[in-house]
Amino acid sequence: MELSFLQKDACIAIGLMSGTSADGIDAAVVELRGCGTDTRVRQLGFITLPFSDEARQKILQVAGGAPLDSREICLLNFYLGDLSADACLEACRAAGIQPGDVDFVGSHGQTIWHEPAGADYLGRKVRATLQIGEPSLIAERLGCPVVSDFRVRDMAAGGLGAPLVPYTEYLLYREEHRTVALQNIGGIGNITVLPAGGALADTLAFDTGPGNMVIDALAARVTNGALRYDDGGKLARQGQVSAELLRYLVDSDDYLRLAPPKTTGREHYSAAFVDALWRKGEELGLTGYDKIATATAFTAESICLAVEHHCPQKPERLIVGGGGSHNPVLMELLQAGLPGCEVVTNEALGLDSDAKEAVAFAILANEMLHGRCNNAPSATGAAHPVVMGKLSL
């Protein structure tokens with residue numbers, strides 16, 4: 001099959017992302033021109049297709065290591081593939097285009113397990129990752145090629161399979177005379193540092209620790225399931241940060257002290273992590289709101305510690321994206337903890353924080369279709385650049 005759209009001046013693509021918070025599927029429709037450092041992108045539309053409570057609970061169960069049989073994982077894979085196609089079609093409507101106008105889709109899928117450090121398995125040390133959301137269903141319903149399953153190729157080359165977005169951030173955000181950092185706060189927090197005038201090989205990126213994941217879990221617990229997250233930081237505003245609980249969280253979290261390259265996820269900041277936080281808060285006589293306020297401060301502190309201890313080039317500007325950028329309490333804590341750095345959101349630059357990662361997977365797919373290496377070995381630890389992504393025609 002000839003991919004004739006690669007010869008066009010501009011193509012239309014959809015990027016799909018479903019993160020560790022398991023809130024739903026983000027779908028961004030973009031117009032792309034060129035590739036590599038000549039890439040130009042224009043966002044045409046963006047939607048989030050929320051997961052039902054039942055679907056979210058099932059994803060969190062399997063991502064948390066709950067025993068599910070192969071039949072259920074198989075069904076969940078196809079279920080999420082069908083939902084991904086739904087998200088594409090809804091995004092087309094939002095952008096005012098027809099599905100037939102879409103040249104290709106880049107789909108991250110839903111991570112249900114990520115074990116980059118490896119585990120002893122059948123006599124071998126096995127490093128592994130698994131993202132599901134069957135791409136063939138997207139290809140069938142959209143009638144266009146789909147690029148998916150990006151992380152595995154980087155891991156095959158010795159990388160952590162994460163973070164992947166730094167490659168696209170280098171293409172779009174680098175500056176000649178100022179060191180810029182991009183902090184995404186989704187379920188997990190991750191930072192990319194682009195040194196002034198640097199090359200891709202100079203890019204530093206790693207997961208900083210928890211983003212919204214722990215806060216979300218506490219919000220659900222405090223409200224008896226009425227809320228999935230702390231909307232606008234309203235719950236945290238009702239509590240007080242406990243210096244003692246915050247110190248306990250920082251001191252007991254060995255991940256924060258690991259040197260990059262490094263990555264983490266729900267396997268680390270799990271229900272057991274939240275349970276330990278809750279018990280410690282109970283010992284200290286804290287209210288539920290105090291625990292949420294302290295968890296919010298912990299996310300901010302993990303980011304500030306990452307900048308202080310793991311970033312040789314200190315950023316002059318930190319651009320915050322992801323759901324956490326909408327939490328004013330978290331943003332205030334970040335600015336207070338990074339006094340020498342301008343802390344802004346993507347919106348302050350005329351961009352879309354919510355769509356940023358979905359847009360990134362459209363760009364990564366574009367690079368793959370042009371046969372270009374699209375990982376950042378300096379961020380993932382891979383032995384060499386590779387072309388990530390598998391193609392469903």
Output, in order, the C-alpha distance, side-chain angles, deciding distance and verdict of side chain to side chain donor-acceptor pair (under 3.5 Å) for Thr208 and Gln183.
CA-CA 9 Å; Thr208 52; Gln183 176 71 44; 3.3 Å; yes
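- Atom-to-atom distance recorded for Thr299:OG1 and Leu333:CG is 9.5 Å, nearest 0.5 angstrom.
- Under the 4.5 Å side-chain criterion, counting only non-hydrogen atoms from C-beta, Leu338 is in contact with Val307.
- The existence of a salt bridge linking Asp9 and Arg33 is excluded, since no basic side-chain nitrogen approaches an acidic carboxylate oxygen closer than 4.0 Å.
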Assess the residue pair Asn327 and Tyr229 against the criterion (side-chain contact (heavy atoms from CB on, under 4.5 Å)); give the C-alpha distance rounded to whole Å, side-chain angles, the decisive distance to 0.1 Å, and a yes or no.
CA-CA 10 Å; Asn327 185 331; Tyr229 65 100; over 6 Å; no
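- Leu182 CG to Thr192 OG1: the interatomic distance, rounded to the nearest 0.5 Å, is 6.0 Å.
- Glu134 places none of its side-chain heavy atoms less than 4.5 Å from the side chain of Leu80.
- For Gln57, the side-chain contact (heavy atoms from CB on, under 4.5 Å) partners at least two apart in sequence or on another chain are Gln61.
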Could you check Arg40 against Glu31 for salt bridge (Lys or Arg N to Asp or Glu O under 4.0 Å), going step by step and ending with a plain yes or no?
CA-CA 8 Å; Arg40 298 294 178 266; Glu31 178 189 79; over 6 Å; no
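- Side-chain contact, Asp231 with His326: no donor N or O sits under 3.5 Å from an acceptor N or O.
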I'd like to know whether Lys280 forms a salt bridge (Lys or Arg N to Asp or Glu O under 4.0 Å) with Glu282, so could you lay out the CA-CA distance, the side-chain angles of the two residues, the decisive distance to 0.1 Å, and finally the verdict.
CA-CA 5 Å; Lys280 185 66 175 180; Glu282 292 291 288; over 6 Å; no
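- Panel note: side chain Asn374, backbone Glu367; no donor-acceptor pair is recorded below 3.5 Å.
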With side-chain contact (heavy atoms from CB on, under 4.5 Å) as the criterion, how do Ile188 and Thr264 come out once you've worked through the C-alpha distance, each side chain's angles and the decisive distance to 0.1 Å?
CA-CA 8 Å; Ile188 292 295; Thr264 188; 4.1 Å; yes
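- At least one side-chain heavy atom of Met155 sits less than 4.5 Å from a side-chain heavy atom of Pro116.
- Between atom OH of residue Tyr79 and atom CD1 of residue Ile59 there is a gap of 7.5 Å, rounded to the nearest 0.5 Å.
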Output, in order, the C-alpha distance, side-chain angles, deciding distance and verdict of side-chain contact (heavy atoms from CB on, under 4.5 Å) for Ser378 and Leu200.
CA-CA 8 Å; Ser378 61; Leu200 177 62; 5.7 Å; no
Is there a side-chain contact (heavy atoms from CB on, under 4.5 Å) between Cys92 and Val102? Walk through the geometry before answering.
CA-CA 8 Å; Cys92 287; Val102 178; 3.7 Å; yes
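- Taken together through direct or relayed side-chain contacts under 4.5 Å among Ile, Leu, Val, Met, Phe, Trp and Tyr, Val180 and Phe206 form parts of separate hydrophobic clusters.
- With a 6.0 Å radius and a threshold of 12 heavy atoms from other residues, nucleotides or ligands, Phe46 has its CZ atom above the threshold.
- Legend: residues meeting side-chain contact (heavy atoms from CB on, under 4.5 Å) with Pro261, ordered by chain and number and at least two apart, are Leu160.
- Contact detail for Leu16 and Ala27: the closest heavy-atom pair is CD2-CB, 3.5 Å.
- Grouped with Tyr121 in one hydrophobic cluster are Leu122, Val126, the linkage being side-chain heavy-atom contacts under 4.5 Å among Ile, Leu, Val, Met, Phe, Trp and Tyr residues.
- Side-chain contact between Ile319 and Thr345 is absent, with no heavy-atom pair separated by less than 4.5 Å.
- In plain terms, the two heavy atoms of Leu330 and Gly324 that are nearest each other are CD2-O, 3.9 Å.
- Gln240 and Tyr289 share no side-chain donor-acceptor pair at under 3.5 Å.
- Residue Val152 belongs to no hydrophobic cluster, having no ILVMFWY side-chain heavy atom closer than 4.5 Å to its own.
- At a threshold of 4.5 Å between non-hydrogen side-chain atoms, the residues Glu175 and Leu194 do not count as touching.
- Side chains of Ser242 and Asp290: no donor on one and acceptor on the other come within 3.5 Å.
- The number of heavy atoms from other shown groups lying within 6.0 Å of CD (Gln98) does not exceed 12.
- Residues Asp154 and Thr380 have side chains that bring a donor and an acceptor to within less than 3.5 angstrom of each other.
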So Asp254 and Arg257, salt bridge (Lys or Arg N to Asp or Glu O under 4.0 Å) or not? Walk me through it.
CA-CA 6 Å; Asp254 292 337; Arg257 286 173 284 282; 3.1 Å; yes
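- In terms of heavy atoms, Ala236 sits closest to Ile292 at N-CG2, 4.0 Å.
- Rounded to the nearest 0.5 angstrom, Leu318 CG and Ile191 CD1 are separated by 5.5 Å.
- Side-chain contact check for His108 and Arg151: at least one donor-acceptor pair (N or O, by modelled atom type) lies under 3.5 Å.
- With hydrogens and angles ignored, the 3.5 Å screen pairs a side-chain donor or acceptor of Arg141 with a backbone N or O of Asp82.
- Take Glu72 and apply the side-chain contact (heavy atoms from CB on, under 4.5 Å) test, not counting sequence neighbours, and it matches Lys58, Leu68, Asp69.
- Counted within 6.0 Å of CD on Glu140, heavy atoms from surrounding residues, nucleotides or ligands total 12 or fewer; the atom is thus considered open.
- Residue His177 places its NE2 atom among 12 or fewer non-hydrogen atoms of other residues, nucleotides or ligands, all under 6.0 Å distant.
- Under a cut-off of 6.0 angstrom, the local environment of NZ in Lys8 is crowded, with over 12 non-hydrogen atoms contributed by other residues, nucleotides or ligands.
- Side-chain contact between Lys314 and Thr179: absent, with no pair of heavy atoms (C-beta onward) separated by less than 4.5 Å.
- With salt bridges taken as basic N to acidic carboxylate O contacts below 4.0 Å, one links Glu342 and Arg317.
- Across all their heavy atoms, Leu235 and Asp230 have their closest contact at N-OD1, 2.7 Å.
- Residue Gly64 comes nearest to Trp113 through the heavy atom pair C-CZ3, 4.2 Å, listed as atom of the first residue, atom of the second, then distance.
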How far apart are the C-alpha atoms of Arg228 and Asp216, what are their side-chain angles, what is the distance that settles it, and do they pass the salt bridge (Lys or Arg N to Asp or Glu O under 4.0 Å) test?
CA-CA 6 Å; Arg228 286 185 175 183; Asp216 291 350; over 6 Å; no
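- Using modelled atom types, one finds a donor on one side chain and an acceptor on the other under 3.5 Å when comparing Glu357 with Asn184.
- The closest donor-acceptor contact from the side chain of Ser21 to the backbone of Asp23 lies at 3.5 Å or more, if one exists at all.
- Listed for the Arg56 side chain is a donor-acceptor partner under 3.5 Å among the backbone atoms of Ala22.
- Legend: residues meeting side-chain contact (heavy atoms from CB on, under 4.5 Å) with Arg247, ordered by chain and number and at least two apart, are Glu244, Asp251.
- What you find for Tyr167 and Ala376 is that their closest heavy atoms are N-CB, 4.4 Å.
- Side-chain contact check for Val147 versus Val105: every heavy-atom pair is 4.5 Å or farther apart.
- Judged by distance alone, the side chains of Asp26 and Thr48 do bring a donor and an acceptor atom under 3.5 Å apart.
- Side chains of Val29 and Gln43 form no contact here, defined as non-hydrogen atoms less than 4.5 Å apart.
- Note: Tyr255 and Tyr269 have perpendicular aromatic rings, judged against thresholds of 30 and 60 degrees for the angle between ring planes.
- A donor-acceptor pair under 3.5 Å is formed between the side chain of Asp103 and the backbone N or O of Ile12.
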